[in-house]
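Structure first, then comments.
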Amino acid sequence: MSSRRSSRSRQSGSSRISDDQISDLVTKLQHLIPELRRRRSDKVSASKVLQETCNYIRNLHREVDDLSDRLSELLASTDDDSAEAAIIRSLLNY
Amino acid sequence: MSSNKRSVRYDELVELLWRDGQVVLQSQVRREPSVQVQTHKHDQALRKPNNTYLENQETIRKHNENVQGDQETVSWIQYPPEDVVDPFESEFSSHFFSSVDHLDGPNHPKKPLTIKEAAKPEAKAMAPPKFWPPVVSVGPSHCGSNQSTNDHQVTHPPVSMSDRSKNVEERLDTSSGGSSGCSKETESGRSVSISRKRKHAMDTDQESMSQSDVRLMPTDDQTMGNKSSQRSGSTRRSRAAEVHNLSERRRRDRINERMKALQELIPHCSKTDKASILDEAIDYLKTLQMQLQVMWMGSGMAAAAAAAATPMMFPGVQSSQYINQMAMQSQMQMPQFPVMNRPAAQNHPGLVCQNPAVQFQMQAQNQMLSEQLARYMGGFPPMPATTQTQTVQQPMDMMRFGSQVGQQSQLSTPVTTDSLRMGKTG
C-alpha cells in the first residue's frame, strides 16, 4: 500500500513493522472469506477485504440465528430428557 | 523626507529618494515594464508618502527587479492581503514590517540595505505602502530571518515563509493547492519567486512558481517564456500531488470507517488499533465458522433423529433418502456441492454458508462431533427394525466421518436392534 511506503519513510521502524503486520492480517482475513479466497490475488484492497469481512460476519450471524431457531424447534419435538435434547441444548448455548 | 541613500548596485542597494511624496528608487537597472506592472497592482493600493516601510520595500523591490532607474517611482502596494503583494510581501514584507515597525525615520538604509542584499532588486515604483495587518504580523517573525539571510529570499525560514505563503496561497488557486501538498520549502520558494515575478524582475532569479506569477501579474506575458512553462509544469505537478493526497486521504478514510464497522461487529472487542482489530476479526471468524459447522451437524442429526423418531409408515427409502442427504451433506467429500467443498484432506477452513454442507477442518473437531453424534444416536429411541433396516445402514455410513467415527463412538449396545448404530456394522 502506498501508505505503507510513505509511513515507512516518515515514521519510525515500529510503524514499519506494524504496516507489514497489518497487511499480513488482511491477507489472512482474506483467506477466511470464501468469496475472496477464490480470487487469490494479492491485489485485493484492504478496504474491500474489510467490507467483505463485515458482510460475511453478518451473514454468519444470520445463519447462526436461523440454525438456532431450527434447533430450538427440533428440541421442542424431542423428549426433553433424551440425549439429543441435551445435544441440541448445548448447541444452542454454544 | 527625502534622503539620499548611497546608491547601490543593482544587486545591493537602491538609492531611495523621496520625491513628490513618493519614494523614488534609484537603481541602475531600469525596468519600466515591470515597474508598470507592479504599479498596476499597487496603484490600487494607497499611495502613502512618508512611509519608511515603503522605503524599505522599495529598496528591496529594487533589488529584486534591478530595474529601477534613477527616477523610478515605486508605488507602494496598498493591498489587500490577497493581492499580488503577498508573495512579494512574503519575501520582503516581513523584513519590511519588522523594519518598518522599528523605523521611525523616513530612511533607514540599513534595513533596506540588508533586505536589498537579500533580495534581488526589483525596482518598482510604489506608493508608500500601508501596512497590512497580516503582513505586519508576519513581519517581525520574518524580519530577523530576513536580515540574516543574505542570499535569497527563499532562505527565509520555511515556517515564516509558509505563513506568508499561506496568504499567498489563498490567493493562488492551483498553486495554493499544490503548495499545500508541497513542502514548506516549496512554498517559500514559490512565494519568493512570486514576489520576484511580481516585481517582474526578469533579471532576478525567478522561481518556477508560475502559479503565483499568474496570480500576481495580470499579464503573464511579462514573465519570460520559460517562466510560463515552468509555471505550468509546477502547477501540474502540484496539482497532481494535491490530487494524490486527496485520493490517499479518501482511501484511508474509507479503510478507517470499515475498520470501525468491523470492530462493532466483533463482540467484546475492546481494541482500537488496526492490528488488534484484525486479529480479533480473524479469530472471531474462525470461531463463527466452527460454531456453524457444529450447529449444522447437530441440527442435521436432530432432524434426522426427529424424522426417524416419528414412526414412518412409508417405505424406508424415503427416510433413507432424507438421511442420505444428511449423510451427503455431512460427509467430507462432497463434490456435488458447488461451493468449494474440497476434500477434507485439504486444509481449507471455512464453512459454506449457502448450504448446510459441512467441512471438517480438523480431525479433532470431527472426533468431537462424531462423539456427540454417537451419543445422540445411542440415545435414540428404538425404531421399528424392519422398516429401518435400510435406513440403519445409511446412517451408519453417514455417521462415519472419516475413519475414526466408529471407533470413537460410545454407542451402547442396545442400539443394535434399533435405529442407527454407529460404527458397529460395516
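Every chain is numbered from 1, with letters handed out A, B, ... down the list of sequences.
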Discussion item. Could you tell me if A:Q51 and A:Y56 have a donor-acceptor pair between their side chains, going purely by distance under 3.5 Å?
Written reply: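 Per modelled atom types, A:Y56 and A:Q51 side chains form no pair under 3.5 Å.
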
Discussion item. With a strict 4.5 Å heavy-atom criterion, list every residue of residues 263-272 of chain B that contacts chain A, or say none.
Written reply: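 Hits under 4.5 Å: B:L265.
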
Worksheet item: Would B:E257 and B:K260 pass as an ion pair if we require N to O under 4.0 Å?
Response: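 A salt bridge is absent here (no side-chain N lies under 4.0 Å from a carboxylate O).
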
Discussion item. Under the rule for side chain to side chain donor-acceptor pair (under 3.5 Å), what residues qualify as partners of A:S47, not counting sequence neighbours?
Written reply: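 For A:S47, the residues satisfying side chain to side chain donor-acceptor pair (under 3.5 Å) (neighbours in sequence not counted) are B:R258.
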
Fill in: Residues that B:D273 engages under side chain to side chain donor-acceptor pair (under 3.5 Å), provided they are two or more places apart
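By the side chain to side chain donor-acceptor pair (under 3.5 Å) rule, B:D273 matches B:S276.
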
Worksheet item: What residue pairs, at least two apart or across chains, pass salt bridge (Lys or Arg N to Asp or Glu O under 4.0 Å) with a residue in residues 51-61 of chain A?
Response: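 Output for this query lists A:K48-A:E52.
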
Worksheet item: Just wondering, do A:D66 and A:R70 contact through their side chains at under 4.5 Å, heavy atoms?
Response: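 A:R70 vs A:D66: side chains apart.
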
Discussion item. If I measure from the heavy atoms of chain B, does A:L29 come under 4.5 Å with its side chain, its backbone, both, or neither?
Written reply: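 Both backbone and side chain.
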
